[in-house]
Each structure stands twice: as structure tokens, then as C-alpha cells.
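Scroll down for the structure; my scribbles are underneath it.
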Amino acid sequence: SFPGGRRDPTDGDEVATALRETREELGLALGPPSVWGQLRMLPDRQGQLVAPVVANLGPFEDLRLTPNPDEVEEVFTLPLAHLLREENQGYTHFRTAAGYGYTLPVFLNGPHKVWGLTAIITELTLELLAPGRY
């Protein structure tokens, strides 16, 4: 999943929350100039609204991540080219007890499977970054 969490009273807005959570979880201090924008609000499984914020982290080789072991088990990245290959894309079908069915995207990468809300946010981001290719 992406860095995230509840808004603190000291956070000015959703962007401030995203930047604070990224710093707390990954040790990555980003400023507002890094932020490209905010995607539409999405509900999580508990019905809470999630405000995805998209930012430019700069060259991956220059990143110095220090993950918080209390919040982060593992960090991995997926190149844009990998995400755009059809063989790494799929869908998972769900059915609720009431018989309602829905389909969500999934992205594959070896032992890692990106699914759920993280995959939805990834899909929305790909639609913005690679229109016509995704």
C-alpha cells in the first residue's frame, strides 16, 4: 500500500497529511512543490474516504528511504514500463454475501501482488501518466 493515515488536527489539508505520513512511514521529506495533484476521493473498506495525492519523488537512485519498522514491513517499486505490460495486469472478481459482484484491478510482480485500494490508485495514476497506453 501507499503511505497514508488519518488526518491530524495540525495538518492543513489532505496534501499536508500525505506529506506528513510519507515522512513518518518512509523517512522521506517532501515539500509541496513535489506534489503534482490529488486524485478523486475513494472509499476504503470501512467507508472512510481516502484522498490520494500524487507527487514526484525525483530520481529513484537519489532517494534515501528510512522505513519506520512499526509501520512498514517492506518497500518495493514497480517501473512504469512494468505496470504498462498487459501480462502484469489483471482483475480480481469479488462477490458479497448479498450477491453483489464487483471487479478490481490487480498488478503482478513476482512475489508481490498489488491489489485492493492500492491497485485502484495505481490504475487511476496510470490513466493520467500514460493516456492511450493504459
Side-chain angles (χ1 to χ4, degrees):
S1 65
F2 295 114
R6 293 195 181 276
R7 186 173 175 180
D8 282 354
T10 57
D11 295 337
D13 58 16
E14 290 87 357
V15 171
T17 300
L19 296 176
R20 178 184 52 75
E21 288 286 343
T22 300
R23 186 180 63 253
E24 289 177 1
E25 293 181 19
L26 297 175
L28 188 58
L30 300 173
S34 299
V35 175
W36 284 351
Q38 185 175 328
L39 302 176
R40 65 181 165 92
M41 302 279 263
L42 301 166
D44 67 8
R45 283 186 277 171
Q46 291 77 36
Q48 299 289 319
L49 287 178
V50 175
V53 174
V54 180
N56 182 351
L57 304 180
F60 179 73
E61 300 78 28
D62 296 343
L63 292 179
R64 300 293 175 249
L65 301 177
T66 53
N68 178 341
D70 294 331
E71 298 197 49
V72 178
E73 182 177 322
E74 181 180 7
V75 175
F76 69 93
T77 63
L78 296 175
L80 182 60
H82 178 88
L83 292 168
L84 292 173
R85 282 192 216 107
E86 285 189 35
E87 63 266 22
N88 300 323
Q89 303 167 7
Y91 291 92
T92 303
H93 306 286
F94 296 92
R95 186 166 304 284
T96 65
Y100 172 73
Y102 59 97
T103 302
L104 296 176
V106 63
F107 297 92
L108 308 171
N109 182 50
H112 301 105
K113 184 187 298 184
V114 178
W115 62 282
L117 191 56
T118 302
I120 294 170
I121 294 169
T122 300
E123 183 173 71
L124 291 172
T125 303
L126 288 174
E127 289 171 353
L128 290 172
L129 293 178
R133 291 191 57 206
Y134 181 79

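Everything numeric in this text was worked out from a predicted model, so none of it was measured.
A search for ring-ring contact (aromatic ring centres under 6.0 Å, His included) contacts involving Y91 returns nothing, not counting sequence neighbours.
In this structure, L57 is a member of the same hydrophobic cluster as V53, with clusters built from ILVMFWY side-chain heavy atoms closer than 4.5 Å. Cluster annotation: V75 is not connected to V114 through the hydrophobic network of ILVMFWY side chains, with a link wherever side-chain heavy atoms come within less than 4.5 Å. Both L104 and F2 sit in one connected hydrophobic cluster of ILVMFWY residues. Membership requires side-chain heavy atoms under 4.5 Å apart, directly or through other members. Following chains of ILVMFWY side-chain contacts shorter than 4.5 Å, one cannot reach V54 starting from L84, and the two form parts of different hydrophobic clusters.
Counting heavy atoms from C-beta outward, F107 and Q89 have side chains that approach closer than 4.5 Å. Using a 4.5 Å heavy-atom threshold, the side chains of N68 and E24 count as separate. Put simply, the side chain of V35 reaches to within 4.5 Å of the side chain of L19, judged on heavy atoms. Residues T92 and F94 form a side-chain contact, since some pair of their non-hydrogen atoms from C-beta on lies under 4.5 Å apart. In this structure the side chain of P52 reaches within 4.5 angstrom of the side chain of L42, judged on heavy atoms. Side chains of T96 and Y102 form a contact here, defined as non-hydrogen atoms less than 4.5 Å apart. Side-chain contact between N56 and W36 is present, with heavy atoms from C-beta onward closer than 4.5 Å.
Shown here for Q48 and R6, the closest heavy-atom pair between the two residues is OE1-NH1, 3.6 Å. Heavy-atom minimum distance, Q38 versus V15: OE1-CG2, 4.3 Å. Closest non-hydrogen pair, P105 versus A119, comes out as O-CB, 3.2 Å.
Panel note: side chain D62, backbone P59; no donor-acceptor pair is recorded below 3.5 Å. With R7 contributing its side chain and G12 its backbone, the two residues share a donor-acceptor pair below 3.5 Å. D8 places no side-chain N or O within donor-acceptor distance of the main-chain N or O of T10, the cut-off being under 3.5 Å.
To the nearest 0.5 Å, the span separating CG on L78 from CG on N109 amounts to 4.5 Å. Here the CE atom belonging to M41 is positioned 5.0 Å from the CD atom belonging to E14, to the nearest 0.5 angstrom. The distance from atom CG of L117 to atom CG of D44, rounded to the nearest 0.5 Å, is 7.0 Å. Here the CG atom belonging to L65 is positioned 12.0 Å from the CD atom belonging to E25, to the nearest 0.5 angstrom.
Dense packing is recorded around CZ of F76, with more than 12 heavy atoms of other residues, nucleotides or ligands lying under 6.0 Å away. The neighbour count for E87 CD, taken as heavy atoms of other residues, nucleotides or ligands under 6.0 Å away, is above 12.
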Without placing hydrogens or testing angles, list every side-chain donor-acceptor pair under 3.5 Å for residues 120-134, not counting sequence neighbours.
residue, atom, partner, partner atom, Å
T122, OG1, T118, O, 2.8
E123, OE2, Y134, OH, 2.8
T125, OG1, I121, O, 2.8

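Applying side-chain contact (heavy atoms from CB on, under 4.5 Å) to L108 and the options H82, R85, K113 leaves one that passes, K113.
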